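Scope of the values below: all heavy atoms of this structure, side chains included, with no hydrogens, waters or symmetry mates. Just so you know, these numbers come straight off a predicted model, no measurement behind them. Each chain gets a letter, A, B and so on, in the order the sequences are listed, and its residues count up from 1.
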There are 2 protein chains.
Amino acid sequence: MRAKLSDVAKKAGVSPTTVSRVINNYGYISDKTRNKVHEAMKELNYQPNSLARSLHGKKTNLVGLIFPGVSNPFFGELVEEIENKLFEDGYKVILCNAAYNKEKERSYLRMLLANQVDGIIAGAHNLGIDEYQEFGLPIVSFDRSLSENVPIVSSDNYKGGVIATQELYDAGCRHIYFVGNPVQKGNPTDHRLSGYRDTIKKLGLTLHIHPVSFSETPMLKIMAIKQLLSEHKADGIVCTDDLTALLVIQAAQELGINIPEQLKITGFDGTKFIQQYHPELSTVVQPTKDIAALLVKLLERRIAHPDEDLKQKSYILPIRFIKSKTISDN
Amino acid sequence: MRAKLSDVAKKAGVSPTTVSRVINNYGYISDKTRNKVHEAMKELNYQPNSLARSLHGKKTNLVGLIFPGVSNPFFGELVEEIENKLFEDGYKVILCNAAYNKEKERSYLRMLLANQVDGIIAGAHNLGIDEYQEFGLPIVSFDRSLSENVPIVSSDNYKGGVIATQELYDAGCRHIYFVGNPVQKGNPTDHRLSGYRDTIKKLGLTLHIHPVSFSETPMLKIMAIKQLLSEHKADGIVCTDDLTALLVIQAAQELGINIPEQLKITGFDGTKFIQQYHPELSTVVQPTKDIAALLVKLLERRIAHPDEDLKQKSYILPIRFIKSKTISDN
DNA sequence: TTGTATGCGTTATCAA
DNA sequence: TTGATAACGCATACAA
């Protein structure tokens, strides 16, 4: 059995209250007793029980992270950054891989509630607004509008779409296709698409939108892409994400299409992984670190002042573009 | 304020005990009261407080996951699988990214203890045996020996090293190099290296071991690899992991070395990510899903019977080899 | 079939 | 500067 507070008290020859005071640096204690207590704690290898502590209305210092998963490098990196930041501030993370499953996400929400988490960072969005509404819990969201009083952090998806399209145009493309996640109301991808759409129109070109679902297997995706490449005469492709872009590159190579001479490609996300292991890919870089930092900062503010009105509901962080070999050779 | 058990009792016109009985399906209750209670719970949107519940000596259903991080696709996928399995069994996961930092790992251990987790799955290994020793907690480990009574799960790293080397030999390589993490006692990489070493000797070839540290930036790694490729006449390279293999491919391409004609390459890990987005890479596939399942199963058994002697300390799961275009063209 | 009383390990209130 | 005591929300032994 693990040592408890009263054991420490007994060993140190003081009252439980005094031990609690030492632990929490609360009220007045003489150095002598403080030392005695510290010694006893060492000897017994004492660890305060967070559960009992939290039961008393203190914070749990637990934060729930609801994301689709961590096997996708983008979410892996984002979750890792968030975890790091939270750790620095004394929070622990309960990881919830909601996949793309409404039921699981709902179940997770209930669980987090039962575990008295101090707050939630939501990056998976299978559920509607109402489900998140009824929680009296501090919540911040990544990349999607959940509810009136939930702040949203995202990167400038629209501008990303604009820049990617424009870069292809500037590099000489006149048949620019958009390949990626199908449109779905409220999805951040939509803004990337809007950016593409508006730019294409502004440039006087023709829209070519090819939905390729996220949930499809890469095998199916690559077949769809090959079909696209062989049946259409695209000279530039704006991809909704880097992984799709990798598939496009792969498909092009298999078809003997030269990149960037015959076909130029842009991705989206710009994870460290992509930057390091696919430096050839031109892509829109999301500021993962800043996103993580802001999410955490907003959540902590919300935890500290739950009733404070939101000064700002939406935070859009700037993206940057990496121009590389899938656009230009030099 | 959230509704508590006594609120439900009041609303339903019964005693708290009865409500508790309904929640836990304990003892006898009439259908009528059961319904009343359920109704009251619905109305108040009641969620039992896990903390209070666990304080009573019940399990927390919390499991700590200590891994280097989740941005590396291999760990990302493994953690995701583990989380899925644990979720199915009603456990929640506290995610601990220990990076390669002793202090952080130690700090996490204390934290997990304070949070009364039911058990720990350890996949980061900065700390020595003794630090894990003093925990009276069920622990299972991935890929490294921690302590006498901690079961270890790993894939057959040795055989992986053997197979990779042999495959290169069979494909015609006679100057086979080993590139990867430097030797470090207790590291699983060591077994991959041993497999390489033994096979090279058996084949009567010369050993060529080139340590490239994990912690180095890919930039530095790639420079080291380029140097290796230009100064030595390697015709086959066994890499400790797929990411290193990607860098070797990249370096070879930049140097105009033809794969697989002039140089053949094998990786290690075989994540879904690599299989999908780099199908050209020949690699040793670790059975991520089985590893996750076994880790969870062993932990649960340990939680259920903490004092049971270990039937088996070490579990080595079979790997398989994917032979692809970095070895042979057809 | 249901209710009362007590305790889990800690913190907060009050008194000494 | 310290200690006794009552909570926190729930589950269990015991009684009814």
Between B:D31 and A:Q47, name the one whose nearest nucleotide on DNA chain C is closer to the 5' end. B:D31
Rounded to the nearest Å, what distance is computed from the CZ atom of residue B:R2 to the C1' atom of nucleotide D:dC8? 14 Å
Quick one: the side chain of A:H56 and the base of D:dA7, do they pair up donor-acceptor inside 3.5 Å? yes
OP1 or OP2 of C:dT11 under 4.0 Å from side-chain N/O of A:K58: no
Does B:K59 NZ have over 12 foreign heavy atoms under 6.0 Å away? yes
To the nearest angstrom, the CG-P distance between A:L113 and D:dG9 comes to 14 Å
Can you tell me which residue pairs pass the ring pair (Phe, Tyr, Trp, His ring centres under 6.0 Å) test with a partner in residues 58-95 of chain B, sequence neighbours excluded? A:Y108-B:F87, B:F67-B:F75
For the pair made of CG in A:L55 and P in C:dC8, what is the distance, rounded to whole Å? 14 Å
Looking at side-chain heavy atoms only, is the closest gap between B:L86 and B:K92 below 4.5 Å? no
Looking at A:N49, I'd like to know whether one of its side-chain N or O atoms comes within less than 4.0 Å of OP1 or OP2 on C:dC8. no
Go through the structure and list residues passing side chain to side chain donor-acceptor pair (under 3.5 Å) with A:Y315, not counting sequence neighbours. none
Using whole Å, report how far OH of B:Y26 lies from P of D:dT12. 6 Å
Which pairs, protein N/O on one side and nucleotides 1-3 of chain D N/O on the other, fall under 3.5 Å?
unit_1: D:dT2; atom_1: OP1; unit_2: A:S30; atom_2: OG; d: 3.0
unit_1: D:dT2; atom_1: OP1; unit_2: A:T33; atom_2: OG1; d: 3.1
unit_1: D:dT2; atom_1: OP2; unit_2: A:S30; atom_2: N; d: 2.9
unit_1: D:dT2; atom_1: OP2; unit_2: A:T33; atom_2: OG1; d: 3.0
unit_1: D:dT2; atom_1: O4; unit_2: A:R21; atom_2: NH2; d: 3.3
unit_1: D:dG3; atom_1: OP2; unit_2: A:S15; atom_2: N; d: 3.0
unit_1: D:dG3; atom_1: OP2; unit_2: A:S15; atom_2: OG; d: 3.2
unit_1: D:dG3; atom_1: OP2; unit_2: A:T18; atom_2: OG1; d: 2.4
unit_1: D:dG3; atom_1: N7; unit_2: A:R21; atom_2: NH1; d: 3.4
unit_1: D:dG3; atom_1: O6; unit_2: A:R21; atom_2: NH2; d: 2.5

Check ion pair A:K36-A:E39 (N to O, under 4.0 angstrom): no
Spacing of A:N115 atom CG relative to D:dC10 atom C1', expressed in whole Å: 14 Å
Is the distance from OP1 or OP2 of C:dG9 to the nearest side-chain N or O of A:Y46 less than 4.0 Å? no
Can you tell me how far C1' of C:dC8 sits from NZ of A:K4, to the nearest Å? 8 Å
Once you round it to whole Å, what is the distance between P of D:dG9 and CG of B:N24? 17 Å
Could you tell me whether the phosphate oxygens of C:dT11, OP1 or OP2, come under 4.0 Å of any side-chain nitrogen or oxygen in A:R53? yes
Give the rounded distance in Å between these two atoms: CG of A:L5 and P of C:dC8. 13 Å
Any non-hydrogen side-chain atom of A:L299 less than 4.5 Å from a side-chain atom of A:V63? yes
Under 3.5 Å, is there a donor on one side chain and an acceptor on the other for B:S71 and A:E80? yes
